[in-house]
Amino acid sequence: MLTLSPPRGSLCALIFDVDGVLLDSPHERAWRDALSDPAAGTRFTTAFYQTYVAGRSRLDGARATLEALGAPHSNNQVLAYAQAKQRCLEALIAESGVTAFPDALRFVAASLALGFPMAVASASKNAAAMLEAVRRTDGKSLASTFSVKVCGRDLQHGKPDPEIFRIAARELGLADQQCLVIEDATAGIIAARSAGMTALGLARHGDGAALRAAGAHLVVTSLDQIDPFALRQGQLHLLHPASDILA
(Lines give C-alpha, C1' and ligand atoms only; values in the text may rest on other atoms or scores of the structure.)
Protein backbone atom coordinates (compact mmCIF):
# COMPACT_ATOMS: atom_id res chain seq x y z
CA MET A 1 0.00 0.00 0.00
CA LEU A 2 1.53 3.28 -1.16
CA THR A 3 1.28 5.42 1.97
CA LEU A 4 3.66 7.26 4.22
CA SER A 5 1.96 7.16 7.60
CA PRO A 6 2.28 10.18 9.90
CA PRO A 7 3.13 9.55 13.55
CA ARG A 8 0.31 8.01 15.59
CA GLY A 9 -2.08 10.54 17.05
CA SER A 10 -0.46 13.49 15.26
CA LEU A 11 -3.39 14.89 13.27
CA CYS A 12 -5.65 17.38 15.01
CA ALA A 13 -7.10 19.58 12.25
CA LEU A 14 -7.95 19.65 8.54
CA ILE A 15 -6.95 22.30 6.01
CA PHE A 16 -8.78 22.17 2.66
CA ASP A 17 -7.93 23.68 -0.66
CA VAL A 18 -11.16 24.98 -2.23
CA ASP A 19 -11.37 24.73 -6.01
CA GLY A 20 -11.13 21.11 -7.13
CA VAL A 21 -11.31 19.76 -3.57
CA LEU A 22 -14.50 21.23 -2.11
CA LEU A 23 -16.00 23.02 -5.10
CA ASP A 24 -16.56 22.14 -8.74
CA SER A 25 -16.16 25.61 -10.21
CA PRO A 26 -15.64 26.79 -13.81
CA HIS A 27 -12.13 28.09 -13.10
CA GLU A 28 -10.45 25.85 -15.66
CA ARG A 29 -12.87 26.81 -18.42
CA ALA A 30 -12.51 30.51 -17.56
CA TRP A 31 -8.72 30.37 -17.88
CA ARG A 32 -9.08 28.56 -21.22
CA ASP A 33 -11.78 30.85 -22.62
CA ALA A 34 -9.79 33.96 -21.67
CA LEU A 35 -6.93 33.03 -24.00
CA SER A 36 -6.93 35.28 -27.04
CA ASP A 37 -5.40 32.62 -29.29
CA PRO A 38 -7.82 29.72 -30.07
CA ALA A 39 -4.88 27.47 -30.92
CA ALA A 40 -3.46 28.05 -27.44
CA GLY A 41 -6.85 27.12 -26.00
CA THR A 42 -6.59 23.64 -27.48
CA ARG A 43 -3.34 23.12 -25.55
CA PHE A 44 -4.96 24.28 -22.31
CA THR A 45 -6.09 20.82 -21.18
CA THR A 46 -7.08 19.69 -17.69
CA ALA A 47 -3.56 18.33 -17.23
CA PHE A 48 -2.15 21.73 -18.26
CA TYR A 49 -4.44 23.51 -15.78
CA GLN A 50 -3.44 21.20 -12.95
CA THR A 51 0.25 21.68 -13.71
CA TYR A 52 0.48 25.43 -14.31
CA VAL A 53 -2.56 27.06 -12.69
CA ALA A 54 -4.19 24.98 -9.94
CA GLY A 55 -3.21 26.17 -6.48
CA ARG A 56 -1.49 29.34 -7.67
CA SER A 57 -2.54 32.96 -7.26
CA ARG A 58 -4.31 34.68 -10.15
CA LEU A 59 -1.23 36.53 -11.41
CA ASP A 60 1.10 33.57 -10.85
CA GLY A 61 -1.30 31.32 -12.76
CA ALA A 62 -1.59 33.81 -15.60
CA ARG A 63 2.18 34.21 -15.91
CA ALA A 64 2.84 30.46 -15.73
CA THR A 65 0.22 29.81 -18.41
CA LEU A 66 1.54 32.38 -20.86
CA GLU A 67 5.12 31.25 -20.32
CA ALA A 68 4.23 27.57 -20.83
CA LEU A 69 2.32 28.41 -24.01
CA GLY A 70 5.23 30.44 -25.35
CA ALA A 71 3.06 33.57 -25.45
CA PRO A 72 4.24 37.11 -24.63
CA HIS A 73 4.16 37.56 -20.87
CA SER A 74 5.08 41.10 -19.91
CA ASN A 75 3.57 42.38 -16.69
CA ASN A 76 0.84 44.19 -18.64
CA GLN A 77 0.00 41.08 -20.67
CA VAL A 78 -0.13 38.92 -17.55
CA LEU A 79 -2.45 41.40 -15.86
CA ALA A 80 -4.68 41.65 -18.94
CA TYR A 81 -5.01 37.86 -19.16
CA ALA A 82 -5.75 37.58 -15.43
CA GLN A 83 -8.45 40.25 -15.72
CA ALA A 84 -9.98 38.57 -18.79
CA LYS A 85 -10.09 35.27 -16.91
CA GLN A 86 -11.90 36.96 -14.01
CA ARG A 87 -14.53 38.39 -16.35
CA CYS A 88 -15.03 34.96 -17.92
CA LEU A 89 -15.31 33.34 -14.50
CA GLU A 90 -17.90 35.81 -13.24
CA ALA A 91 -19.98 35.28 -16.38
CA LEU A 92 -19.81 31.49 -16.08
CA ILE A 93 -20.77 31.59 -12.39
CA ALA A 94 -23.69 33.92 -13.15
CA GLU A 95 -24.83 31.49 -15.85
CA SER A 96 -24.41 28.15 -14.08
CA GLY A 97 -23.39 28.77 -10.47
CA VAL A 98 -20.96 26.71 -8.42
CA THR A 99 -21.55 23.32 -6.86
CA ALA A 100 -19.80 21.33 -4.15
CA PHE A 101 -18.50 17.83 -4.77
CA PRO A 102 -20.87 15.38 -3.01
CA ASP A 103 -18.00 13.39 -1.48
CA ALA A 104 -16.52 16.62 -0.10
CA LEU A 105 -19.83 17.54 1.55
CA ARG A 106 -20.08 14.10 3.14
CA PHE A 107 -16.48 14.21 4.38
CA VAL A 108 -16.84 17.72 5.78
CA ALA A 109 -20.10 16.77 7.54
CA ALA A 110 -18.50 13.68 9.08
CA SER A 111 -15.43 15.66 10.19
CA LEU A 112 -17.62 18.39 11.67
CA ALA A 113 -19.64 15.82 13.60
CA LEU A 114 -16.41 14.41 15.02
CA GLY A 115 -15.36 17.84 16.25
CA PHE A 116 -12.45 18.41 13.90
CA PRO A 117 -11.23 22.02 13.61
CA MET A 118 -11.25 22.88 9.91
CA ALA A 119 -9.77 25.61 7.75
CA VAL A 120 -9.81 26.50 4.08
CA ALA A 121 -6.69 27.85 2.37
CA SER A 122 -6.91 29.06 -1.20
CA ALA A 123 -5.04 31.58 -3.30
CA SER A 124 -8.26 32.34 -5.17
CA LYS A 125 -9.86 35.72 -4.46
CA ASN A 126 -13.17 34.12 -5.53
CA ALA A 127 -13.04 31.29 -2.98
CA ALA A 128 -14.75 33.03 -0.05
CA ALA A 129 -17.74 34.17 -2.12
CA MET A 130 -18.14 30.76 -3.75
CA LEU A 131 -18.08 28.98 -0.37
CA GLU A 132 -20.67 31.41 0.95
CA ALA A 133 -22.95 30.70 -2.02
CA VAL A 134 -22.96 26.91 -1.53
CA ARG A 135 -25.46 25.58 1.01
CA ARG A 136 -25.16 22.59 3.31
CA THR A 137 -28.13 20.28 3.86
CA ASP A 138 -29.02 22.25 7.01
CA GLY A 139 -29.30 25.46 4.98
CA LYS A 140 -26.13 27.06 6.36
CA SER A 141 -23.40 28.20 3.99
CA LEU A 142 -20.49 25.89 3.40
CA ALA A 143 -18.27 28.79 4.48
CA SER A 144 -19.74 28.65 7.99
CA THR A 145 -18.22 25.18 8.45
CA PHE A 146 -14.69 26.52 8.68
CA SER A 147 -13.42 28.38 11.72
CA VAL A 148 -10.44 29.69 9.74
CA LYS A 149 -10.53 31.01 6.18
CA VAL A 150 -7.29 32.00 4.46
CA CYS A 151 -8.65 32.85 1.03
CA GLY A 152 -7.46 35.39 -1.50
CA ARG A 153 -5.12 37.17 0.87
CA ASP A 154 -2.18 39.15 -0.44
CA LEU A 155 0.64 36.90 0.72
CA GLN A 156 4.35 37.32 0.20
CA HIS A 157 4.58 33.91 -1.48
CA GLY A 158 2.08 31.67 -3.25
CA LYS A 159 2.03 27.88 -3.41
CA PRO A 160 4.26 25.87 -3.64
CA ASP A 161 5.60 28.05 -0.81
CA PRO A 162 4.04 26.88 2.49
CA GLU A 163 3.10 30.38 3.74
CA ILE A 164 -0.66 29.99 3.25
CA PHE A 165 -0.82 26.70 5.15
CA ARG A 166 1.36 27.97 7.98
CA ILE A 167 -0.97 30.95 8.41
CA ALA A 168 -3.96 28.58 8.56
CA ALA A 169 -2.27 26.42 11.21
CA ARG A 170 -1.36 29.46 13.26
CA GLU A 171 -4.93 30.78 13.13
CA LEU A 172 -6.21 27.34 14.14
CA GLY A 173 -3.85 27.54 17.12
CA LEU A 174 -1.97 24.39 16.17
CA ALA A 175 1.53 23.36 15.17
CA ASP A 176 2.14 22.72 11.48
CA GLN A 177 2.74 19.00 12.00
CA GLN A 178 -0.69 18.61 13.60
CA CYS A 179 -2.49 19.53 10.36
CA LEU A 180 -3.68 17.42 7.44
CA VAL A 181 -3.84 19.29 4.13
CA ILE A 182 -6.23 18.09 1.43
CA GLU A 183 -5.11 19.20 -2.03
CA ASP A 184 -5.72 18.38 -5.68
CA ALA A 185 -2.72 20.28 -7.07
CA THR A 186 0.96 19.37 -7.02
CA ALA A 187 1.85 22.92 -5.93
CA GLY A 188 -0.37 22.47 -2.89
CA ILE A 189 1.10 19.09 -2.01
CA ILE A 190 4.62 20.51 -2.20
CA ALA A 191 3.56 23.44 -0.01
CA ALA A 192 2.02 21.14 2.59
CA ARG A 193 5.09 18.92 2.74
CA SER A 194 7.36 21.97 2.98
CA ALA A 195 5.36 23.05 6.03
CA GLY A 196 5.89 19.66 7.66
CA MET A 197 2.20 18.81 7.33
CA THR A 198 0.56 15.57 6.28
CA ALA A 199 -0.58 15.80 2.66
CA LEU A 200 -3.58 14.00 1.18
CA GLY A 201 -3.72 14.13 -2.62
CA LEU A 202 -7.16 14.13 -4.24
CA ALA A 203 -6.83 12.85 -7.80
CA ARG A 204 -10.12 13.78 -9.41
CA HIS A 205 -8.46 13.98 -12.84
CA GLY A 206 -6.44 10.78 -13.02
CA ASP A 207 -3.33 12.62 -11.88
CA GLY A 208 -2.52 10.47 -8.86
CA ALA A 209 1.00 9.71 -10.07
CA ALA A 210 1.86 13.42 -10.18
CA LEU A 211 0.42 14.02 -6.71
CA ARG A 212 2.33 11.07 -5.33
CA ALA A 213 5.54 12.26 -7.00
CA ALA A 214 4.99 15.67 -5.39
CA GLY A 215 5.09 13.99 -1.99
CA ALA A 216 1.50 13.16 -1.02
CA HIS A 217 1.38 10.74 1.93
CA LEU A 218 -1.73 9.17 0.43
CA VAL A 219 -3.62 9.64 -2.84
CA VAL A 220 -7.33 8.95 -3.33
CA THR A 221 -9.89 9.65 -6.05
CA SER A 222 -12.70 10.44 -3.60
CA LEU A 223 -12.88 11.65 -0.02
CA ASP A 224 -15.32 8.79 0.58
CA GLN A 225 -12.22 6.57 0.66
CA ILE A 226 -10.89 8.18 3.86
CA ASP A 227 -11.79 6.75 7.27
CA PRO A 228 -12.96 9.76 9.35
CA PHE A 229 -12.88 7.77 12.60
CA ALA A 230 -9.19 6.93 12.06
CA LEU A 231 -8.61 10.64 11.51
CA ARG A 232 -10.20 11.36 14.87
CA GLN A 233 -7.46 9.16 16.34
CA GLY A 234 -4.87 11.22 14.49
CA GLN A 235 -4.30 8.71 11.70
CA LEU A 236 -4.71 8.95 7.93
CA HIS A 237 -6.14 5.66 6.67
CA LEU A 238 -8.32 4.37 3.88
CA LEU A 239 -11.79 3.20 4.81
CA HIS A 240 -11.15 0.06 2.74
CA PRO A 241 -7.38 -0.49 2.43
CA ALA A 242 -7.73 -2.61 -0.69
CA SER A 243 -8.97 0.50 -2.53
CA ASP A 244 -5.60 2.30 -2.47
CA ILE A 245 -5.42 3.74 -5.97
CA LEU A 246 -2.76 3.64 -8.62
CA ALA A 247 -4.09 6.62 -10.58
Side-chain angles (χ1 to χ4, degrees), residues 6 11-25 27 50 54-57 98-136 140-153 155 158-160 162-174 176-195 197-205 211 214 216-228 230-232 236:
L11 302 178
C12 301
L14 309 177
I15 302 175
F16 294 83
D17 179 43
V18 177
D19 189 47
V21 172
L22 295 172
L23 301 183
D24 185 7
S25 82
H27 265 93
Q50 289 297 114
R56 301 178 188 273
S57 69
V98 176
T99 58
F101 290 105
D103 64 308
L105 288 177
R106 288 188 291 268
F107 184 76
V108 166
S111 300
L112 184 64
L114 290 169
F116 253 98
M118 290 184 284
V120 283
S122 171
S124 172
K125 295 186 181 298
N126 304 291
M130 293 192 298
L131 287 168
E132 190 64 37
V134 173
R135 297 287 134 181
R136 303 184 329 202
K140 294 181 179 180
S141 72
L142 184 56
S144 68
T145 309
F146 305 98
S147 58
V148 169
K149 305 174 191 68
V150 188
C151 297
R153 299 188 191 179
L155 305 179
K159 301 173 188 175
E163 180 182 12
I164 191 169
F165 292 139
R166 286 184 166 147
I167 290 172
R170 184 168 67 244
E171 294 186 8
L172 285 166
L174 294 169
D176 293 347
Q177 62 268 25
Q178 292 177 293
C179 298
L180 168 66
V181 171
I182 303 167
E183 263 282 359
D184 72 320
T186 55
I189 294 295
I190 294 169
R193 290 302 306 268
S194 296
M197 298 176 179
T198 300
L200 171 62
L202 183 54
R204 297 195 188 277
H205 308 288
L211 294 171
H217 289 89
L218 179 66
V219 176
V220 295
T221 55
S222 167
L223 292 175
D224 288 334
Q225 294 172 277
I226 298 299
D227 184 347
L231 274 180
R232 195 65 191 93
L236 177 60

CA sep, side-chain torsions, deciding dist, call: Asp19, Asp184, side-chain contact (heavy atoms from CB on, under 4.5 Å): CA-CA 9 Å; Asp19 189 47; Asp184 72 320; over 6 Å; no

Does the pair Asn126 and His27 meet the rule for a side-chain contact (heavy atoms from CB on, under 4.5 Å), with working shown? CA-CA 10 Å; Asn126 304 291; His27 265 93; 3.6 Å; yes

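In this structure, Glu171 and Lys149 have side chains that are not in contact, with every pair of non-hydrogen atoms separated by 4.5 Å or more. Side chains of Thr198 and Val181 form no contact here, defined as non-hydrogen atoms less than 4.5 Å apart. Between Leu22 and Val134 the shortest side-chain heavy-atom distance does not fall below 4.5 Å. Using a 4.5 Å heavy-atom cutoff, the side chains of Leu172 and Pro117 are in contact. The closest side-chain heavy-atom distance from Asp17 to Leu202 is not below 4.5 Å. Proximity of Ser57 to Lys125: side-chain heavy atoms (C-beta onward) are nowhere separated by under 4.5 Å. Side-chain contact check for Arg136 versus Ser141: every heavy-atom pair is 4.5 Å or farther apart. Between Met197 and Pro162 the shortest side-chain heavy-atom distance does not fall below 4.5 Å.
For the residue pair Ala13 and Leu174, the shortest heavy atom distance occurs at CB-CD1, 3.3 Å. Residues Met118 and Ser111 approach most closely at SD-CB, 3.8 Å, considering heavy atoms. The minimum heavy-atom distance between Thr186 and Gln50, with the atom names listed, is OG1-O, 4.4 Å. Closest of all the heavy-atom pairs between Ile15 and Ala169 is CD1-N, 4.2 Å. Across every non-hydrogen atom of Ala185 and Leu211, the tightest pair is C-CD2, 3.8 Å. Ile189 and Ala216 make their closest contact through CG2-N, 3.4 Å (heavy atoms, listed as atom of the first residue, atom of the second, distance).
Interatomic distance, CG of Leu200 versus CG of Leu11, reported as 10.5 Å (0.5 Å rounding). To the nearest 0.5 Å, the span separating CZ on Arg204 from CG on Asp103 amounts to 4.0 Å. Rounding to the nearest 0.5 angstrom, the gap separating the CZ atom in Phe107 from the CG atom in Leu231 is 5.0 Å. The line from CG of Leu223 to CZ of Phe101 is 10.0 Å long, rounded to the nearest 0.5 Å. Atom CE of Met130 and atom SG of Cys151 lie 8.5 Å apart (nearest 0.5 Å). One finds the CZ atom of Phe16 at 11.0 Å from the CG atom of Leu131 (value rounded to the nearest 0.5 Å).
One N or O on the side chain of His217 and one on the backbone of Ala199 form a donor-acceptor pair closer than 3.5 Å.
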